[in-house]
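Below is one structure, written out as structure tokens; the observations come after it.
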Amino acid sequence: MGFAIVGPGRFASGRIVPALVRASNCAPVAVVSRDRARAEAFAEEHGIPAAYDDLSAALADPRVEAVWVATPHDAHRRVVEAAAKARKHVLCEKPLATTVEDARAIVHACGQAGVALGSGFHLRYHPLHHEMRRLVAAGELGIIAAAAGEWSLDSEITAGAPWRRDPAASGGGIVTGTGVHVIDLLRYVLADEVVAVSAMTNAATSPAAPVETSATALLRFARGTLATVRCVRPVHNPPNDLLLQGTRASLTGRGTVDEAARGRLEAGAVDTALSGIPAGTNMYAAQAHAFTDAARRGDEPDASGWDGLAVTVITAALYESAGSGREVRIESVR
């Protein structure tokens with residue numbers, strides 16, 4: 001499957017291109033940027049056949065069967081709706097959109113067009129997270145009473161991504177950067193939905209700090225699990241663990257919440273089939289391969305548009321709770 005990469009930034013260079021090259025069933029065939037010179041330089045650097053500064057022209061290219069959207073967050077809706085109209089499958093980086101309204105519109109557009117829509121939650125493809133989900137589903141941990149996940153960063157926002165400081169473009173700060181990944185990961189591992197959120201952030205207090213850099217949320221799941229989500233930047237040596245505490249056993253993914261596949265699985269009172277990372281693991285390549293397979297079959301991708309919408313709804317509730325100081329209830333998105 002030929003992919004057009006929309007948004008040739010650091011993430012596209014470091015994660016998307018290697019994933020599409022490594023996956024056996026897809027490849028990068030075009031890149032799209034508003035800056036023609038930038039698109040051409042990116043294409044030349046990575047050996048991509050075509051470069052465009054016009055999205056409609058890229059979508060008219062018969063080699064392009066799907067798009068991987070890696071633009072600033074507020075541009076997602078425009079790009080996805082154009083791709084859906086052109087009958088191209090869509091893998092959209094998180095968050096699906098900066099508002100619930102836009103996220104619903106994205107899901108609707110792809111549904112109406114009959115194209116696959118995937119959300120960029122690569123942590124689902126970490127082998128240790130998959131093992132944790134398997135053990136939970138098998139009942140090995142008993143009732144999951146508590147869970148916790150963190151993805152904090154040791155760096156400030158880089159000068160190369162100034163849009164991340166713009167609430168209109170990013171939709172938020174560290175929550176839309178890494179917190180959304182932890183929220184989806186907990187949904188995935190627990191195979192359960194969030195029904196209420198209570199949260200606190202260091203909400204913007206000056207024009208120099210317009211988005212939050214620290215957030216902690218408590219999620220109540222439908223089956224009763226209480227889970228905490230923490231994301232902070234910058235902070236020294238963040239552990240970035242995923243913890244599950246059940247009535248029979250416990251599991252901890254040490255350092256598994258990251259862009260790279262790393263970490264180890266620690267188990268208490270349960271035997272695991274996997275404790276380390278298999279050689280050659282690449283979460284983004286696994287994601288690209290799985291998405292392409294699902295699109296070819298006409299199936300809903302894992303980490304679907306509905307998952308992206310659900311996390312957008314939870315994120316909006318998180319910000320509402322942080323602003324009001326109250327618990328916010330969440331209804332099903334379907």
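Between Val29 and Asp61 there is no side-chain heavy-atom pair separated by less than 4.5 Å. Within the 4.5 Å cutoff, no side-chain heavy atoms of Ser332 are placed close to those of Glu193. Under the 4.5 Å side-chain criterion, counting only non-hydrogen atoms from C-beta, Arg63 is in contact with Pro49. In this structure, Glu259 and Trp151 have side chains that are in contact, with non-hydrogen atoms separated by less than 4.5 Å. Side-chain contact check for Leu251 versus Thr272: some heavy-atom pair is nearer than 4.5 Å. Between Leu190 and Leu244, some side-chain heavy-atom pair lies under the 4.5 Å cut-off.
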List the steps, then state whether side-chain contact (heavy atoms from CB on, under 4.5 Å) holds for Arg164 with Val211. CA-CA 8 Å; Arg164 291 190 178 276; Val211 294; over 6 Å; no
Start with the C-alpha gap between Trp163 and Thr71, add the side-chain angles, then the distance that decides, and say whether side-chain contact (heavy atoms from CB on, under 4.5 Å) holds. CA-CA 10 Å; Trp163 62 269; Thr71 64; over 6 Å; no
Give the C-alpha distance, both sets of side-chain angles, the deciding distance and a yes or no for side-chain contact (heavy atoms from CB on, under 4.5 Å) between Arg10 and Arg15. CA-CA 8 Å; Arg10 179 197 65 84; Arg15 299 300 178 188; 5.7 Å; no
What verdict does the side-chain contact (heavy atoms from CB on, under 4.5 Å) test give for Asn240 and Asp258, after you've listed the backbone C-alpha separation in whole Å, the side-chain angles of each residue and the deciding distance to 0.1 Å? CA-CA 7 Å; Asn240 295 341; Asp258 200 346; 5.5 Å; no
Checking salt bridge (Lys or Arg N to Asp or Glu O under 4.0 Å) for the pair Arg187/Asp184: CA distance, chi angles, key distance, verdict? CA-CA 5 Å; Arg187 293 176 61 250; Asp184 182 72; 2.9 Å; yes
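Val79 and Trp68 sit in two unconnected hydrophobic clusters of ILVMFWY residues. Membership requires side-chain heavy atoms under 4.5 Å apart, directly or through other members. Note on Ile106 and Val115: separate hydrophobic clusters, where clusters join Ile, Leu, Val, Met, Phe, Trp and Tyr whose side-chain heavy atoms are under 4.5 Å apart, directly or indirectly. The hydrophobic cluster containing Phe121 also contains Val100, counting ILVMFWY residues as joined when their side-chain heavy atoms lie under 4.5 angstrom apart, directly or transitively. In this structure, Val195 is not a member of the same hydrophobic cluster as Leu226, with clusters built from ILVMFWY side-chain heavy atoms closer than 4.5 Å. When hydrophobic clusters are built by joining Ile, Leu, Val, Met, Phe, Trp and Tyr residues whose side-chain heavy atoms come closer than 4.5 Å, directly or via intermediates, Val311 is grouped together with Leu219.
Expressed to the nearest 0.5 Å, how far CG of Leu20 lies from NE2 of His289 amounts to 12.0 Å. Between the CG atom in Leu128 and the OG1 atom in Thr252 there is a gap of 11.5 Å [rounded to 0.5 Å]. Residue Glu212 holds its CD atom at 8.0 Å from CD1 of Ile174, rounded to the nearest 0.5 Å. A distance of 13.0 Å separates CG of Leu186 from NE2 of His181, quoted to the nearest 0.5 Å. In this structure, CE in Met283 is found 13.5 Å from CZ in Arg124, a value given to the nearest 0.5 Å. Put simply, CD1 on Ile16 and CZ on Phe11 are 5.0 Å apart, with the number rounded to the nearest 0.5 Å.
Between the side chain of His76 and the main chain of Val69, no donor-acceptor pair closer than 3.5 Å is present. In this structure, Asp241 contributes its side chain and Gly255 its backbone to a donor-acceptor pair below 3.5 Å. No donor-acceptor pair closer than 3.5 Å links the side chain of Arg230 to the backbone N or O of Ala148. Looking only at distances, a side-chain donor or acceptor of Ser152 sits under 3.5 Å from a matching main-chain atom of Val232. Using modelled atom types, no side-chain atom of Glu327 and backbone atom of Ala196 make a donor-acceptor pair closer than 3.5 Å. At distances below 3.5 Å, at least one donor-acceptor pair connects side-chain atoms of Thr176 with backbone N or O atoms of Gly172. Using a distance-only test at 3.5 Å, with no hydrogens or angles considered, no donor-acceptor pair links the side chain of Arg254 to the main chain of Glu266. Between the side chain of Ser214 and the backbone N or O of Asn202 there is no donor-acceptor pair closer than 3.5 Å. Between the Asp192 side chain and the Arg223 main chain, a donor and an acceptor come within less than 3.5 Å of each other. Looking at Ser304, its side chain never comes within 3.5 Å of a backbone N or O of Gly118 through a donor-acceptor pair.
If you check the side chains of Glu101 and Thr99, you find no donor sitting under 3.5 Å from an acceptor.
Heavy atoms of other residues, nucleotides or ligands lying less than 6.0 angstrom from CZ of Arg133 number more than 12. Dense packing is recorded around CG of Leu274, with more than 12 heavy atoms of other residues, nucleotides or ligands lying under 6.0 Å away. Other residues, nucleotides and ligands contribute only 12 or fewer heavy atoms inside 6.0 Å of the CZ atom of Arg34. Within a 6.0 Å sphere centred on CZ of Arg233, other residues, nucleotides and ligands contribute more than 12 heavy atoms. In Arg326, the CZ atom is not crowded: 12 or fewer heavy atoms of neighbouring residues, nucleotides or ligands sit closer than 6.0 Å. His130 NE2: 12 or fewer foreign heavy atoms inside a 6.0 Å radius.
Taking both residues in full, the closest heavy atoms of Leu123 and Leu185 are given as O-CD1, 3.9 Å, listed atom of the first, atom of the second, then distance. Minimum interatomic distance between Ala116 and Pro301 (heavy atoms only, all atoms of both residues): CB-CG, 4.1 Å. In terms of heavy-atom proximity, Val175 sits nearest to Ala215 at CG2-CB, 3.5 Å. A pairwise comparison of heavy atoms in Gly177 and Lys94 identifies O-NZ, 2.8 Å as the closest pair. Considering every non-hydrogen atom in both Cys231 and Thr178, the closest pair reads CB-OG1, 3.6 Å. Between Ala19 and Ala285, the shortest heavy-atom distance links the atoms CB-N, 3.5 Å.
The pair Arg329-Glu331 fails the salt-bridge criterion, with no side-chain N (NZ, NE, NH1 or NH2) lying under 4.0 Å from an Asp/Glu carboxylate O.
With Thr256 as the fixed residue, the side chain to side chain donor-acceptor pair (under 3.5 Å) test singles out one of Arg264, His126, His129: His129.
Remark: aromatic rings of Tyr125 and Phe291 are distant, center separation not under 6.0 Å.
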